[in-house]
Chemist: 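One structure, pasted below without further comment.
Counting begins at 1 with the first residue of the sequence. Reckoned from all heavy atoms, side chains included, excluding hydrogens, waters and symmetry mates. Just so you know, ligand 1 is whichever comes first in the structure, and atom 1 is the first atom listed for that ligand.
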Amino acid sequence: MTDLVALVTGASRGIGRACAEELGRQGYKVAIHYRGNEDLARQVAESIPGSKIFQADVAEEEQCKALIKSVKEEFGRIDVLVNNAGMSIDQVLTFAKPADFERLLDVNVKSVFNLSKLVSKVMIKQKKGSIINLTSVVGHTGNGGQSMYAATKGAITSFTKSIASDLAGFGIRANCVAPGFIETDMTNALPEEVKEAILKKVPLKRLGTGNEVAKTVHFLASDASSYVTGSTIHVNGGMFTN
Ligand code: NAP
């Protein structure tokens with residue numbers, strides 16, 4: 001095990017869980033964040049030596065503050081922040097509800113702003129750090145029925161490019177990983193016909209796995225990507241080529 005510490009938000013399931021497990025295998029001490037699924041978060045922690053679980057609703061600024069404070073107190077440092085927690089509410093524009101859009105902005109965008117800002121203070125003192133934000137293929141391509149969600153993911157992309165510039169002088173890198181369609185609770189909720197339509201757009205002809213996203217997250221966390229900042233790596237089975 002190294003002395004490096006990674007905080008992964010939304011690590012109780014799906015892509016976040018896979019990221020926590022991969023970083024754990026690579027020797028990081030992992031702060032496993034969850035919102036509601038404490039039992040699942042505990043299960044993840046059992047498989048990662050030296051890890052701890054932390055609860056917060058990342059849509060709330062005060063809870064973001066408490067989260068970063070607790071992780072810093074517990075581990076003494078934070079080398080990697082993976083802003084993975086997120087949600088989707090899908091609706092065609094005419095029927096889209098403003099309250100749903102507000103919620104998506106709070107959960108998907110304000111959380112990334114608050115946690116990145118708070119962790120940057122810790123990383124500046126360390127003169128090193130890596131922030132990795134989960135966006136989505138639809139933040140780049142758009143997708144009918146997902147205008148609200150796509151807008152939040154597009155916002156994170158331009159935010160990340162901007163903070164990469166703000167933080168580069170302090171040895172801190174910031175990048176995005178943009179998954180395509182990955183097998184998780186989020187995509188399991190889609191109707192079968194929607195899944196089939198999606199698969200037609202994927203040249204590799206299958207959904208991706210959380211672990212395939214996690215390998216890319218680990219690359220961006222590690223010194224193997226020391227000259228990569230302000231970038232997005234797409235993990236989408238070739239969807240852009242179709
Ligand atoms: P998921 O299976 O639905 O899991 C979402 C995670 O986020 C859970 O751990 C959940 O915590 C946490 N979370 C949700 N709202 C939260 C809140 N307000 N405060 C704190 N935590 C919250 O999602 P996923 O499919 O793994 O997606 C992970 C990320 O990848 C998201 O940002 C998503 O937009 C992005 N992404 C996913 C796909 C895909 O195909 N799956 C594609 C592109 C991008 P609890 O379990 O405690 O509720």
Chemist: Does Val58, backbone or side chain, put an N or O under 3.5 Å from an N or O of ligand 1?
Modeler: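 Yes; at least one N/O pair falls below 3.5 Å.
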Chemist: Identify the two heavy atoms, one from Gly230 and one from Asn175, that lie closest to each other, and give their separation to 0.1 Å.
Modeler: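 Result for this residue pair: N-OD1, 3.2 Å.
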Chemist: Is the closest heavy-atom distance from Ser88 to ligand 1 below 4.0 Å?
Modeler: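 For ligand 1, residue contact (heavy atoms, under 4.0 Å) with Ser88 is absent.
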Chemist: I want to confirm something. Looking only at heavy atoms, which of Asn84, Val213, Ile15 is nearest to atom 29 (C) of ligand 1?
Modeler: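 Comparing heavy atoms across Asn84, Val213, Ile15, the nearest one to atom 29 (C) of ligand 1 lies in Asn84.
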Chemist: Quick check on Glu60 - does any of its heavy atoms sit under 4.0 Å from an atom of ligand 1?
Modeler: no
Chemist: Given Gly10, Gly86, Gly14, identify the one with the heavy atom nearest to atom 5 (C) of ligand 1.
Modeler: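 Among Gly10, Gly86, Gly14, the closest heavy atom to atom 5 (C) of ligand 1 belongs to Gly86.
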Chemist: For the atom pair CD1 (Ile78) and CD (Gln126), what is the distance rounded to the nearest 0.5 Å?
Modeler: 7.5 Å
Chemist: Consider only side-chain N and O atoms of Thr209 and Asn211, and report whether a donor and an acceptor are under 3.5 Å apart.
Modeler: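 On atom types as modelled, these side chains do not qualify, holding no pair under 3.5 Å.
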Chemist: Looking only at heavy atoms of Gln63, does any of them come nearer than 4.0 Å to an atom of ligand 1?
Modeler: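 No, that is not the case, since the closest heavy atom of the residue is not under 4.0 Å from the ligand.
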Chemist: If you measure from each heavy atom of Asn108 to ligand 1, is any distance below 4.0 Å?
Modeler: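 In this structure, Asn108 fails to qualify as a contact of ligand 1 - no heavy atom is under 4.0 Å.
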Chemist: Please state which option from Met87, Arg17, Arg35, Gln55 has its nearest heavy atom closest to atom 15 (N) of ligand 1.
Modeler: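 Residue with the shortest heavy-atom distance to the ligand atom: Arg35.
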Chemist: Got an N/O contact under 3.5 Å between Asp57 and ligand 1?
Modeler: yes
Chemist: According to ring pair (Phe, Tyr, Trp, His ring centres under 6.0 Å), who are the partners of His140, at least two apart in sequence or on a separate chain?
Modeler: His234
Chemist: Cluster partners of Val82, using ILVMFWY side-chain heavy atoms under 4.5 angstrom, listed by chain and number?
Modeler: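 The other cluster members (ILVMFWY side chains, heavy atoms under 4.5 Å, direct or chained) are Leu4, Val8, Ile15, Leu23, Tyr28, Val30, Ile32, Tyr34, Val44, Ile48, Ile53, Val80, Ile132, Leu134, Val177, Ile182, Val213, Val217, Phe219, Leu220, Val228, Ile233, Val235.
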Chemist: Identify, by atom number and element, the atoms of ligand 1 in contact range of Val107, meaning under 4.0 Å from any of its heavy atoms.
Modeler: 15 (N), 18 (N)
Chemist: For ligand 1, note which part of Glu38 has a heavy atom under 4.0 Å away: side chain, backbone, both or neither.
Modeler: neither
Chemist: Determine whether more than 12 heavy atoms belonging to other residues, nucleotides or ligands lie under 6.0 Å from atom NZ of Lys125.
Modeler: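 No, not enclosed.
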Chemist: Which heavy-atom pair separates Lys200 from Lys205 by the least distance, and what is that distance?
Modeler: O-NZ, 4.1 Å
Chemist: Evaluate Thr187 for polar contact with ligand 1, using N/O atom pairs at a separation under 3.5 Å.
Modeler: no
Chemist: Please determine whether any non-hydrogen atom of Gly180 lies less than 4.0 Å from an atom of ligand 1.
Modeler: yes
Chemist: Output the distance between atom CE (Met123) and atom CZ (Arg173), rounded to the nearest 0.5 Å.
Modeler: 10.0 Å
Chemist: Using a distance-only test with no angle check, is there a side-chain donor-acceptor pair under 3.5 angstrom linking Asn37 and Ser12?
Modeler: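 No - no donor-acceptor pair under 3.5 Å links their side chains.
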Chemist: Mark up the atoms of ligand 1 that fall under 4.0 Å of a heavy atom belonging to Ser12, in ascending order.
Modeler: 8 (C), 9 (O), 11 (O), 45 (P), 46 (O), 47 (O)
Chemist: Within ligand 1, which atoms have a heavy atom of Arg103 less than 4.0 Å away?
Modeler: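 Checking each atom against Arg103, I get 18 (N).
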Chemist: Taking only heavy atoms of Phe181, which atoms of ligand 1 are found under 4.0 Å from at least one of them?
Modeler: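 By the 4.0 Å cutoff, the relevant atoms are 40 (O).
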Chemist: Between Ser111 and Asn83, does any side-chain donor sit less than 3.5 Å from a side-chain acceptor?
Modeler: no
Chemist: Taking it one step at a time, do Asn188 and Lys195 satisfy side chain to side chain contact (heavy atoms under 4.5 Å, CB included)?
Modeler: CA-CA 9 Å; Asn188 284 342; Lys195 278 194 212 166; 4.0 Å; yes
Chemist: For His33, counting its heavy atoms only, list the atoms of ligand 1 lying under 4.0 Å from any of them.
Modeler: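 Selected atoms, number and element: 20 (C), 21 (N).
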